[in-house]
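Everything below concerns the one structure shown next.
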Amino acid sequence: MSTSEIDRQWTTRLRKRTFGKLPPEKMLPDTQPSYVSSWIYVFGVATISSLVVVIATGCVLAIFGPAWWHTSNVGHFVNSMHLWSVEIFFFSMVIHLWGKYFMAAWRGGRALTWITGMVLFLCSIVTALTGYVSQSNFDSQWISTQAKDAINGSGGGAFFNLLNGGQMLMWHIVLMPLILVLLVGVHVVLVRIKGVVPPIEENAGAVQ
Amino acid sequence: MSSFLIGALINLNHPDHYFQWHIFDISAANAIVIILMLATFIGALLLPFPGRRRRKENQ
Ligand code: HEM
């Protein structure tokens with residue numbers, strides 16, 4: 001095979017594109033700029049860590065089912081772990097969002113990082129709502145009957161029905177986790193491609 | 001006994017308390033979470049990050 005033929009192969013092109021944009025030492029760097037040594041940069045990773053616990057405890061709930069998590073002590077415990085790791089997930093995400101907002105972290109071609117973050121925030125809310133209505137208790141009945149009017153008022157009720165337990169459970173344990181995990185991957189890869197945004201005073205020229 | 005050991009530290013099994021002020025209406029739980037988030041945010045900006053000084057000494 002000639003070199004030009006090799007260059008035209010999709011495997012070659014994909015490799016050059018991927019590793020040209022994101023060489024391994026940029027994906028997993030040894031050091032970071034000095035301004036990154038601040039607690040505010042911990043909250044993105046704290047959000048990922050709590051998401052890992054959310055998914056792990058969710059898998060345990062899926063294995064044993066509602067009769068177990070509503071009645072047994074260990075079931076209550078795992079159910080509580082699931083809820084409280086969600087609390088920490090949103091808690092860290094909001095502090096992460098505030099931090100990035102006040103740093104104007106969308107500067108220098110990082111708009112897509114900000115946008116994937118915003119979409120993650122919205123998708124997380126949908127995941128939490130479908131989770132609340134999947135509890136299979138009086139709380140989920142109350143929340144679904146209260147929230148359905150808002151969804152119906154927006155027109156979304158045509159395909160998203162809070163009273164449809166099967167649909168809500170599928171969204172909560174299949175669709176939304178899949179979307180969240182994929183989006184978190186894209187979000188973090190985008191951060192690695194662009195590198196951490198410099199402080200505003202360091203590159204006033206980059207403000208767009 | 002085990003249910004006592006792994007139960008919540010404070011009894012949460014009651015209707016929530018609400019703060020009401022003019023048109024504002026917020027549950028104690030939500031107000032506490034917002035205050036804790038603000039406190040953590042300010043802490044994250046002001047508290048020194050461990051290892052920071054060591055790096056400077058090395059330079
Ligand atoms: C599931 C939720 C999220 C996860 C797991 C996540 C994770 C991360 C991580 C690990 C980083 C790099 C480390 C850091 O700076 O903290 C990062 C950076 C960033 N995040 Fe998020 N994030 C989430 C939601 C959001 C939201 C809601 C926003 C804002 C709307 C956002 C905006 C950004 C921006 C702009 C950066 C880039 C900062 C830079 O280039 O310096 N993220 N995110």
Side-chain angles (χ1 to χ4, degrees), chain A residues 30-47 50 57 68-103 105 121 125 128 132 137-139 142-143 146 196 199-200, chain B:
Chain A
D30 297 321
T31 56
Q32 287 290 338
S34 60
Y35 52 79
V36 177
S37 60
S38 156
W39 283 110
I40 198 66
Y41 290 97
V42 169
F43 287 90
V45 172
T47 315
S50 39
T57 51
W68 173 75
W69 81 61
H70 280 313
T71 56
S72 75
N73 285 336
V74 183
H76 280 145
F77 182 74
V78 177
N79 194 166
S80 297
M81 287 274 288
H82 193 62
L83 171 76
W84 285 102
S85 44
V86 170
E87 301 276 342
I88 298 172
F89 172 73
F90 273 96
F91 193 100
S92 344
M93 196 193 322
V94 168
I95 293 168
H96 176 68
L97 191 164
W98 287 344
K100 299 307 165 194
Y101 176 77
F102 286 109
M103 289 181 217
F121 185 57
I125 293 172
Y132 278 125
N137 59 10
F138 287 126
D139 193 31
W142 170 258
I143 293 170
Q146 296 303 302
V196 182
I200 292 175
Chain B
M1 184 63 187
S2 64
S3 65
F4 167 74
L5 281 178
I6 62 177
L9 292 176
I10 39 173
N11 181 15
L12 298 169
N13 193 16
H14 55 73
D16 208 350
H17 301 288
Y18 272 80
F19 298 119
Q20 270 146 337
W21 185 67
H22 295 285
I23 56 161
F24 300 104
D25 187 21
I26 188 167
S27 70
N30 283 344
I32 290 168
V33 169
I34 293 171
I35 290 166
L36 285 178
M37 284 194 302
L38 287 168
T40 312
F41 181 62
I42 294 166
L45 297 182
L46 299 182
L47 292 176
F49 190 74
R52 190 175 193 161
R53 196 189 293 150
R54 199 180 55 229
R55 268 240 204 110
K56 272 198 188 137
E57 280 165 2
N58 285 347
Q59 276 170 3

Side chains of B:F41 and A:V94: does their closest heavy-atom pair fall under 4.5 Å?
no
Between B:L45 and A:F102, is there a side-chain heavy-atom distance shorter than 4.5 Å?
no
Identify all side-chain donor-acceptor contacts of residues 26-33 of chain B below 3.5 Å with residues at least two apart in sequence or on another chain.
| from | atom 1 | to | atom 2 | distance (Å) |
| --- | --- | --- | --- | --- |
| B:S27 | OG | B:D16 | OD2 | 3.3 |
| B:S27 | OG | B:N30 | N | 3.2 |
| B:S27 | OG | B:N30 | ND2 | 3.4 |

At a heavy-atom separation under 4.5 Å, does A:F43 approach chain B through its side chain, its backbone, both, or neither?
side chain
Of all heavy-atom pairs between A:S38 and B:A44, which one has the smallest distance, and what is that distance?
OG-O, 3.7 Å
Restricting to non-hydrogen atoms, name the atom on B:F49 and the atom on A:V42 that form the minimum distance, rounded to 0.1 Å.
CE1-CG2, 3.7 Å
State, with a plain yes or no, whether a side-chain heavy atom of A:W39 is found less than 4.5 Å away from one of B:L46.
no
Taking everything shown except A:M81 itself, do over 12 heavy atoms lie less than 6.0 Å from its CE?
no
